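Below is one structure; the comments refer to it alone.
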Amino acid sequence: IGLGFTASDTANSPFAEYNIESLPKYFDAYATSGVLASNQVKGELKSLHDGFTYILLENENIYGNITDAFTDKMQSLALVNCLNISGDLTSGAKNLVLLNLTASSITGISGTISRSKFPNLKSIQVQNNNNYVSNIGYNIEEFKDATKVYATRLPNVTGNVDLLTNAANIVLEHTNCTIYNLSQLPPNLTELSFNSGSIRKNVIYPTSRNFPSSMSRIGLVNCELSSADIDRLLNDLAQVTTWIGFRSVNLTGTRTSASDVAVQTIISRGASVTINA
């Protein structure tokens, strides 16, 4: 039976400040996000014992090559603002185990996340939130069955959102991805945030569809819809009964009175509606 540990389990934990080499070998999970002050956990990635299946390290003084964390059992790896980590994601052997990968605001990591290297990857979050220079890339079409697809400020992330089939969460901001037909979005989509950058592009919503009963947000920046398509989309979103998380609808274009009731319904259920001309 695997054991997990999060530093929040107790404020007086003997493991609250230490080198990752000290992690007991019977642990298979460890997380520091939102629990410890920055740099309380130190050490080299290759010091992690090979029994871990889940690691989340945020704002920690961890160093080394990211490929050292791709052990035979590691299913979920999240490294956030750990600025001393480097490595090429294209190097090393094929990884058949990793399901979830998060690499956020890490300058030293480069390379392409590919299906051939990570054939079972289902959740990808690579974000450049603090405007660091990063060379991480991937083609979202290679992971069209992924459940979560995130990328921000990463020009080497490419592909067509229309081809994704299974994603519940799609956040693609300032990448080289494209989006066109919103009617083709995955059926279980609960979150969409797409920013096409400085150049306004046209998108369409030609036919109605059913959204999940619970949604977080629909946000399209510099992606212009016709008035008819905005009305159609708002009327469909009015069927959503529960709004969670961001609770927002943000569209580009203009709408007509045909969506007045829909807008009031969405607002009454706790979400905001913004239409940017």
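Everything numeric in this text was worked out from a predicted model, so none of it was measured.
Lys94 approaches Ser116 most closely through the heavy-atom pair CE-O, 3.3 Å. Of all the heavy atoms in Asp88 and Ser91, the pair that sits closest is O-OG, 2.7 Å. Between Cys223 and Thr252, the shortest heavy-atom contact is O-CB, 3.4 Å.
For the residue pair Glu142/Ser114, the side-chain donor-acceptor check at 3.5 Å is not satisfied.
There is no path of hydrophobic side-chain contacts, each under 4.5 Å, that joins Phe246 to Val249.
Crowding of Lys122 atom NZ: a count of heavy atoms from other residues, nucleotides or ligands under 6.0 Å exceeding 12.
The side-chain heavy atoms of Ile267 and Val273, taken from C-beta on, include a pair separated by under 4.5 Å. For the pair Asn160/Glu141, a side-chain contact is recorded, criterion being any heavy-atom separation below 4.5 Å from C-beta on. Two residues are said to be in side-chain contact when any heavy atoms from C-beta on lie closer than 4.5 Å; Val171 and Glu191 meet this criterion. Two residues are said to be in side-chain contact when any heavy atoms from C-beta on lie closer than 4.5 Å; Leu121 and Phe143 meet this criterion. At a threshold of 4.5 Å between non-hydrogen side-chain atoms, the residues Leu225 and Leu182 count as touching. Residues Asn210 and Pro187 have side chains not in contact (no heavy-atom distance under 4.5 Å, counting atoms from C-beta outward). Here the side chains of Thr71 and Leu48 are not in contact, with every heavy-atom distance at 4.5 Å or above. Contact annotation: the side chain of Cys177 approaches that of Val157 to within less than 4.5 Å [non-hydrogen atoms, C-beta and beyond].
When each of Ile113, Ile124, Val97 is paired with Phe118, the side-chain contact (heavy atoms from CB on, under 4.5 Å) condition holds for Ile113 and for no other. The only option from Val80, Thr152, Ile136 that meets the side-chain contact (heavy atoms from CB on, under 4.5 Å) definition with Gln127 turns out to be Thr152.
When atom types are taken as modelled, the side chain of Asn120 and the backbone of Leu99 share no donor-acceptor pair closer than 3.5 angstrom. Formation of a donor-acceptor pair under 3.5 Å by the Arg209 side chain with backbone atoms of Asp236 is not found in this model.
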